[in-house]
Amino acid sequence: MISSLLRGDIAVGTSVTIKGWVRTRRDSKAGLSFIQVHDGTCFDSIQVVAQNELPNYADEIQKLGAGCSVICTGELVASQGKGQSMEIQAETVEVVGWVEDPDTYPVQPKRHSFEFLREVAHLRPRTNTFSAVTRVRNCLAQATHRFFHENSFYWIHTPIITASDAEGAGELFRVSTLDMENLPRTDAGKVDYSQDFFGKESFMTVSGQLNVETYCCSMSRVYTFGPTFRAENSNTTRHLSEFWMIEPELAFADLNDDADLAEAYLKYIFKAVLDERADDMAFFAKHVDKEAVSRLENFLSHSFERMDYTEAITHLEKAGKKFEFPVTWGMDMQSEHERYLCEDLCKRPVVVMNYPKDIKAFYMRMNDDGKTVAAMDVLAPGIGEIIGGSQREERLDMLDARLAQMGLDKDIYWWYRDLRKYGTVPHAGFGLGFERAVNYVTGMKNIRDVIPFPRAPKSAEF
RNA sequence: UCCUCGGUAGCUCAAUGGUAGAGCAUUCGGCUGUUAACCGAAAUGUUGUAGGUUCAAGUCCUACCCGAGGAGCCA
């Protein structure tokens, strides 16, 4: 693999074989060609030097272009040229796959717009940017599992199909095997879902939280990491219809424990990227977002500020700054407010805690003041809300009261309520949109460019 | 879903209502231990779709489709 060659794992003078794809070819009429080959194992490609004495030099090597796949064998040598320390002096260059029509091969050795590359999502991993995103995304995912494993969390595989609109978190995608051309009807004329596959209405999950809470109330420390689905018609750079979410859940824990966990987790995965993907991060800092590296370093070197929602409102009122949306206690904070708190006021990540109950979900724990719930948002400079979490309501009577207040049918939540009947325990957790974390780390602007095949309204090609 | 901007060569973009162009990529030639090389030449178009106004539409008007940015919703 190219990464191990460039890392210096293999001594100069050794015979090596690499398998990969051609990025560019430059000929020298002195009788040799330079072939840049990449294989995805690291940011850099390696230069293969092919002399015209090779039997297939004229009829094959000189026809190589971007996208061709090759197997090259030769001696690893110190480079005579500038720009790379090592290169391969080819003894054989085997062409495995040609590019059928070089004229229309979309991935040219030049700058492409991300919009265009989205239209060729099957080929965009061959570009510098998307292979770098892919490695960073993988690094964040691996670091996530490592962090939770090292801290005694179990990964719980929560279901993707669900029969309850668990959290009320947005529009759901329906899952059904009913014949849409000929829907069975009840006497009342409604669609008869008792004849559907699961015998009731079913959907794609919007969150694994309620399910993972059940395992939390036995396994103590658990998390989910999987795809979630929202059928919202939102067309922004921050939303996907299908995205990956990380949701840890911690038993015998309160909101402060939750905030501690969020801080430790984010710092762990960001540090992993700086340690393990310096090559890709240098690329992002150079070509995508100048602050990609310094932002993470800054993030790691400061502890999170913590403040109550009420306190945050006071700060906003005293800001002496004109906000587009006026500041009042009880409002849901707009992104301009969140950004003021972390970017202007504190200049570091801020955890805002204890929000008004009316703007938060039913399962969040009611505080003693009767007005606020134990919810928290982690706000980060440059992005705003990156994590949302809460201490869960563990008291059955309080939970039922909240369900009633919000007009929810408590029978639907019968198993969730059982957790409060049988050995209930204070517990807390949070949710992190994985792609948003990848965006934050890489500095990529559009969330559709940090997931291999983005799903969004009117967009599910590939 | 709302607001704003956009859709012209493979890509990135020009073109006052009056002959559809450049750079890069591609192909060919030249030059060079080259570095998204350099020099020269060639080829490349149903101007998003459907209507309309006009002697004449890439350009103006209408509808629709697609894309981008912002807003709302949120992760």
Side-chain angles (χ1 to χ4, degrees), chain A residues 23-36 44-51 62-63 65-67 77-85 87 89 99-120 123 127-128 167-171 206-209 224 227-247 287 324-325 332-336 338 359-361 377-380 383-389 430-440 445-451 456-459 461:
Chain A
R23 196 151 260 153
T24 63
R25 188 200 80 241
R26 296 176 294 272
D27 294 329
S28 168
K29 279 289 167 1
L32 65 166
S33 291
F34 302 94
I35 312 163
Q36 278 319 127
D44 288 316
S45 51
I46 196 163
Q47 176 163 283
V48 175
V49 184
Q51 305 284 349
Q62 285 202 297
K63 291 180 179 142
V77 297
S79 179
Q80 299 172 33
K82 293 169 189 162
Q84 63 280 317
S85 58
E87 61 192 21
Q89 194 68 44
V99 168
E100 199 176 88
D101 184 3
D103 196 42
T104 56
Y105 181 62
V107 184
Q108 300 165 1
K110 59 172 283 193
R111 197 176 184 86
H112 289 100
S113 67
F114 293 142
E115 294 81 25
F116 167 69
L117 290 170
R118 249 168 253 155
E119 295 170 8
V120 288
L123 298 174
T127 64
N128 279 333
E167 177 178 352
E171 297 293 313
V206 295
S207 163
Q209 182 200 313
T224 72
T228 49
F229 308 86
R230 308 254 170 114
E232 301 284 356
N233 187 14
S234 51
N235 294 285
T236 79
T237 55
R238 303 177 306 284
H239 292 84
L240 290 166
S241 308
E242 176 180 309
F243 63 99
W244 287 60
M245 190 149 62
I246 292 153
E247 296 170 290
H287 292 291
E324 189 188 340
F325 294 89
D332 211 353
M333 273 189 234
Q334 303 294 323
S335 56
E336 57 172 344
E338 298 179 341
I359 57 172
K360 291 292 177 182
D377 282 348
V378 179
L379 314 178
I383 192 174
E385 181 185 337
I386 188 167
I387 277 180
F430 64 78
L432 168 79
F434 185 55
E435 284 75 18
R436 288 191 179 174
V438 183
N439 259 11
Y440 184 71
K445 301 279 183 299
N446 195 315
I447 199 164
R448 299 181 191 197
D449 295 329
V450 297
I451 188 169
K458 302 270 165 60
S459 177
E461 192 69 45

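The chains referred to below are lettered A, B, ... by the order of the sequence lines, with proteins before strands, and numbering in each begins at 1.
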Taking the [atom1] atom of each, how far is [N] from [M], in whole Å?
| N | M | atom1 | value |
| --- | --- | --- | --- |
| B/rU19 | B/rU1 | P | 40 Å |
| B/rG58 | B/rU8 | C1' | 6 Å |
| B/rU59 | B/rG6 | P | 14 Å |
| B/rC3 | B/rA42 | C1' | 47 Å |
| B/rU35 | B/rG17 | C1' | 48 Å |
| B/rG52 | B/rC13 | C1' | 29 Å |
| B/rC60 | B/rG7 | P | 10 Å |
| B/rC61 | B/rA22 | P | 29 Å |

Margin query: Judged by each residue's nearest nucleotide on RNA chain B, which is more toward the 5′ side, A/Gly65 or A/Tyr105?
Written below: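 The residue closer to the strand's 5' end, by nearest nucleotide, is A/Tyr105.
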Check: If you find the nucleotide of RNA chain B closest to A/Leu240 and the one closest to A/Ser459, which residue's nucleotide is nearer the 5' end?
Finding: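 Looking at the nearest nucleotide for each, A/Ser459 comes out on the 5' side.
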Any strand is fair game: report the nucleotide pairing with [N] by Watson-Crick or G-U wobble, both distances under 3.5 Å, or none.
| N | result |
| --- | --- |
| B/rA41 | B/rU27 |
| B/rU35 | none |
| B/rU16 | none |
| B/rG6 | B/rC66 |

Name the nucleic acid region contacted by [X], choosing base, sugar-phosphate or nothing; use a 4.0 angstrom heavy-atom cut-off, strictly under.
| X | result |
| --- | --- |
| A/Phe34 | base |
| A/Ile386 | sugar-phosphate |
| A/Arg111 | base |
| A/Glu119 | nothing |
| A/Gln334 | sugar-phosphate |
| A/Asn235 | base |
| A/Glu87 | base |
| A/Tyr440 | nothing |
| A/Gly81 | base |

Within the structure, does a side-chain N or O atom of [X] lie under 4.0 Å from either OP1 or OP2 of [N]?
| X | N | result |
| --- | --- | --- |
| A/Ser234 | B/rC74 | no |
| A/Arg26 | B/rA37 | yes |
| A/Arg25 | B/rU35 | no |
| A/Asn446 | B/rG69 | yes |
| A/Thr237 | B/rG69 | no |

Which value, rounded to the nearest 0.5 Å, describes the distance between [X] atom [atom1] and [Y] atom [atom2]?
| X | Y | atom1 | atom2 | answer |
| --- | --- | --- | --- | --- |
| A/Ser113 | A/Glu119 | OG | CD | 7.5 Å |
| A/Arg111 | A/Leu117 | CZ | CG | 10.5 Å |
| A/Glu247 | A/Leu432 | CD | CG | 9.5 Å |

Of the options [options], whose atoms approach the side-chain atoms of [X] most closely?
| X | options | result |
| --- | --- | --- |
| A/Arg448 | B/rG33, B/rA68, B/rC73 | B/rA68 |
| A/Arg230 | B/rU1, B/rC73, B/rC74 | B/rC74 |
| A/Phe325 | B/rA37, B/rG33, B/rA71 | B/rA71 |
| A/Glu115 | B/rC74, B/rA68, B/rA37 | B/rA68 |
| A/Gln84 | B/rC24, B/rG67, B/rG33 | B/rG33 |
| A/Thr236 | B/rG72, B/rU32, B/rG70 | B/rG72 |
| A/Asp27 | B/rA37, B/rG72, B/rU32 | B/rU32 |
| A/Lys458 | B/rU34, B/rA36, B/rC66 | B/rC66 |
| A/Ser79 | B/rA36, B/rG33, B/rG67 | B/rG33 |
| A/Ser113 | B/rG67, B/rU34, B/rU12 | B/rU12 |

How long is the line joining [atom1] of [X] and [atom2] of [N], in whole Å?
| X | N | atom1 | atom2 | answer |
| --- | --- | --- | --- | --- |
| A/Arg118 | B/rU12 | CZ | P | 12 Å |
| A/Glu461 | B/rC65 | CD | C1' | 15 Å |
| A/Asp449 | B/rG69 | CG | C1' | 14 Å |
| A/Gln62 | B/rU27 | CD | P | 12 Å |
| A/Gln80 | B/rU35 | CD | C1' | 14 Å |
| A/Phe116 | B/rA9 | CZ | P | 12 Å |
| A/Lys63 | B/rU26 | NZ | C1' | 15 Å |
| A/Ile35 | B/rA36 | CD1 | C1' | 17 Å |

Is the base of [N] touched by the side chain of [X] through a donor-acceptor pair closer than 3.5 angstrom?
| X | N | value |
| --- | --- | --- |
| A/His112 | B/rC11 | no |
| A/Glu232 | B/rG72 | no |
| A/Gln108 | B/rU26 | no |

So, [X] and [Y]: side-chain donor and acceptor under 3.5 Å apart, yes or no?
| X | Y | value |
| --- | --- | --- |
| A/Gln36 | A/Arg26 | yes |
| A/Arg238 | A/Asn439 | no |
| A/Ser33 | A/Gln62 | no |

Next item on the list: Please examine the side chains of A/Ile451 and A/Glu435, heavy atoms only from C-beta on, and report whether any two atoms are closer than 4.5 Å.
Entry: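 In contact.
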Note to self: Check whether A/Glu232 reaches the backbone of A/Glu171 with its side chain - one donor and one acceptor, N or O, closer than 3.5 Å.
What the structure shows: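 It does hold such a pair.
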Next item on the list: Keeping the roles fixed (side chain from A/Asp377, backbone from A/Leu379), state whether a donor-acceptor pair exists under 3.5 Å.
Entry: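 Pair absent, no side-chain N/O of A/Asp377 close to backbone of A/Leu379.
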Note to self: I'd like to know whether A/Thr228 forms a side-chain contact (heavy atoms from CB on, under 4.5 Å) with A/Val206, so could you lay out the CA-CA distance, the side-chain angles of the two residues, the decisive distance to 0.1 Å, and finally the verdict.
What the structure shows: CA-CA 5 Å; A/Thr228 49; A/Val206 295; 5.8 Å; no
